[in-house]
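A short write-up of the structure that comes next.
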Amino acid sequence: MTLMLASVLSREEAEIALAHGADIIDCKDPARGALGALPLAQVADIVAAVDGRRPVSAVVDLPHDVAHARRAFEEAADAGVDYVKFALPLTPDAGEIVAALSPLAQRLKIVAVLFADLGPDFASLPDLAAAGFHGAMLDTAHKGKGRLIDMMPVGALSEFTGLCRELNLSAGLAGALEPPDVPRLLVTGPDVLGFRGALCAHGDRRAGIDAGATRLIRDLIPTRRDKIDTLAAEWALIARGYIEPPGLNETDCVFLHDYVVPMEVGAYAHEYGHTQRVRFNVDAEVARVDVTDDMRAVFSYDVIMDAIKVILAGGHIAMVETIAERLAESVLLHERVRSVTVQVEKLDVAPGAVGVKIRRERHPDARRVKPN
Ligand SMILES: O=C[C@H](O)COP(=O)(O)O
C-alpha cells in the first residue's frame with residue numbers, strides 16, 4: 001500500500017493535510033529549498049497538533065560534524081517526530097556519517113534522501129540498510145527545474161524501489177510530482193509518495209496547502225478500503241474499477257500504437273550485446289466511468305509507455321513472448337483495465353515484422369467489490 005506524505009510548515013497546514021487523507025505529515029520549510037528544516041519549536045507545534053493521529057516526519061539539516069549531526073537527530077527525536085529525513089551527502093565521508101548515525105536508528109526511523117538530479121548512487125543503499133535506517137527517498141534538489149520523472153526514467157525509479165524492497169528499506173519517491181505522475185509512479189511500487197507543490201494552489205510549493213488539491217492527490221492513491229467513508233471515495237472506487245459504476249458497463253479503448261524502441265531482445269547469441277528495433281501495439285479495454293477531465297478517472301497511455309520502459313530497464317530479454325506477457329500483466333494491474341491486447345514485433349530480423357500478439361483478460365476474481 002503506497003502512503004501519501006504531505007509536507008507542511010504549520011499546524012494549520014497539518015490540519016488540512018490530515019482532513020484530506022495524508023498518511024504522513026512531513027515538517028519542512030519550502031522557503032529553504034528542496035529539504036529545508038523547520039525550527040524545532042515549529043516541528044514540536046505540528047507534532048502537538050497532529051497529536052498521534054498520523055506519523056510525523058521532520059527534515060534535519062545535516063551538520064557535517066558527526067557529533068553535531070547526531071545531536072541534531074536527537075533534538076528532532078525529542079520534538080516527538082516518528083521519522084527524520086536528511087539529505088544523504090554526496091561527499092566521500094557519507095559512509096562514515098551513516099555509520100555514526102546508526103545507533104540512533106534504534107530509537108528513530110531514519111530516512112536518507114537522495115536527489116535524482118544530482119546523480120544519486122544506489123550503491124549506497126546497502127549501507128543505509130546495514131545501518132538500520134528505515135528507508136530512502138528519491139527527491140529533486142532543484143525545484144522548478146522539472147519533475148522527478150523528468151530527472152530519472154521510470155525504469156530507473158523502478159530499479160530504486162526494487163533495490164529498496166530487496167534491502168527491506170522503505171522506498172519513497174518525491175520531486176515536484178503532479179497528479180498525472182501518481183498512476184505512473186504507482187507502477188514502480190513505492191512505499192511512499194511525497195508531495196508539497198501538488199498540494200498547493202496552482203502547484204506553487206510556497207503557497208499554502210489547498211484542500212481540493214490535497215483531496216485530488218489522496219483520491220489518486222489507492223487507500224485501504226476500510227477507510228472509505230465518503231461518496232467521493234466511493235466514486236474513486238468506481239473509477240478504479242473496484243465497484244461497477246451504476247448503470248454503466250461500457251468500455252473504452254486506451255491504446256499505444258506503433259511505439260518503436262531500441263531493445264536488447266532475442267535468443268540467438270548474435271542478438272546479445274546490441275539493440276534492435278521493437279514495435280509495440282497495445283490496446284487496453286478500460287471500464288468507462290461517466291466523467292471527463294478529472295485525473296481520478298484517467299487510465300493514461302503514459303501508464304502503458306512506462307510499463308514498457310520498466311521492462312526495457314530490466315536488460316536483455318530472450319523472447320518477445322516474455323515481453324508481451326510481462327507488459328499485459330503490468331497493464332492489468334490497473335483496476336479499470338478489463339482486458340489488454342499486446343503485439344510485440346521485431347523489425348530488424350526480416351524484411352517485414354515478426355513477433356507475437358496476445359490478449360489477456362482480468363480474472364473475474366480479481367475484481368474488487370465495494371467493502372460492506
Ligand atoms: O517529500 C516531499 C517533498 O516535500 C516534495 O516537495 P515537492 O512536491 O514540492 O517537490
Side-chain angles (χ1 to χ4, degrees), residues 2-10 13-14 16-18 20-38 42-43 46 50 54-62 76 81-88 109-118 120 133-152 157 160-161 164 169-186 188 190-210 212-218 220-221 295:
T2 298
L3 300 178
M4 172 187 166
L5 175 146
S7 293
V8 302
L9 56 75
S10 68
E13 289 197 344
I16 295 171
L18 283 170
H20 295 283
D23 296 303
I24 301 172
I25 302 299
D26 179 52
C27 304
K28 181 184 286 187
D29 183 352
R32 297 185 61 237
L35 215 57
L38 282 175
Q42 220 160 317
V43 172
I46 292 169
V50 174
R54 288 286 183 277
V56 176
S57 62
V59 170
V60 164
D61 291 328
L62 187 70
V81 300
D82 303 278
Y83 301 92
V84 172
K85 290 164 56 178
F86 76 105
L88 184 67
K109 291 178 180 173
I110 301 176
V111 176
V113 178
L114 294 76
F115 291 112
D117 44 348
L118 300 183
F133 283 17
H134 175 76
M137 175 172 260
L138 271 177
D139 199 338
T140 54
H142 301 106
K143 302 300 177 185
K145 293 278 177 54
R147 307 174 351 261
L148 176 67
I149 211 162
D150 298 322
M151 307 291 182
M152 189 170 275
L157 299 176
F160 169 75
T161 57
C164 286
L169 288 169
S170 165
L173 299 177
L177 304 185
E178 297 179 19
D181 291 317
V182 174
R184 301 178 64 181
L185 294 176
L186 286 174
T188 70
D191 296 293
V192 178
L193 287 179
F195 306 88
R196 168 77 196 177
L199 309 183
C200 299
H202 316 300
D204 175 3
R205 70 194 308 263
R206 298 182 66 167
I209 294 274
D210 172 80
T214 304
R215 185 76 255 169
L216 170 58
I217 294 295
R218 173 69 278 171
L220 290 171
I221 301 173
M295 262 310 301

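In each ligand, atom 1 is the first atom listed, and ligand 1 is the first ligand listed.
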Checklist entry - Below 3.5 angstrom, do we get any N/O pair linking Lys28 and ligand 1? => result yes

Next on the checklist: Does ligand 1 come near enough to Arg196 that some N or O of the ligand is less than 3.5 Å from an N or O of the residue?
Outcome noted: yes

Checklist entry - Is the shortest side-chain N to carboxylate O distance from Arg196 to Asp29 below 4.0 Å? => result no

Using a 4.0 Å cut-off to any heavy atom of [X], which atoms of ligand 1 qualify?
X: Gly194; value: 2 (C)
X: Leu5; value: 1 (O), 2 (C)
X: Lys85; value: 1 (O)
X: Ser7; value: 1 (O), 2 (C), 3 (C), 4 (O)
X: Gly175; value: 10 (O)
X: Gly197; value: 7 (P), 8 (O), 9 (O)
X: Met137; value: 1 (O)

Next on the checklist: Can you tell me which portion of Arg205 lies within the under-4.0 Å heavy-atom range of ligand 1? Options are side chain, backbone, both, or neither.
Outcome noted: side chain

Checklist entry - Taking the side chain as C-beta and beyond, is there a heavy-atom pair between Cys200 and Arg206 under 4.5 Å? => result no

Item to check | Pro55 side chain reached by Tyr83 side chain, heavy atoms, under 4.5 Å | outcome: yes

Closer than 3.5 angstrom, by distance alone: can the side chain of [X] be matched with the main-chain N or O of [Y] as a donor-acceptor pair?
X: Arg147; Y: Glu178; answer: no
X: Arg32; Y: Leu38; answer: no
X: Ser10; Y: Glu13; answer: yes

Next on the checklist: If you compare all heavy atoms of Val192 against all heavy atoms of Ser170, which two are closest, and at what distance to 0.1 Å?
Outcome noted: CG2-OG, 4.1 Å

Checklist entry - Step by step, would you call Lys145 with Asp117 a salt bridge (charged side-chain N to carboxylate O under 4.0 Å, His left out)? => result CA-CA 9 Å; Lys145 293 278 177 54; Asp117 44 348; over 6 Å; no

Checklist entry - So between Ala176, Ala174, Cys200, whose heavy atom ends up nearest atom 7 (P) of ligand 1? => result Ala176

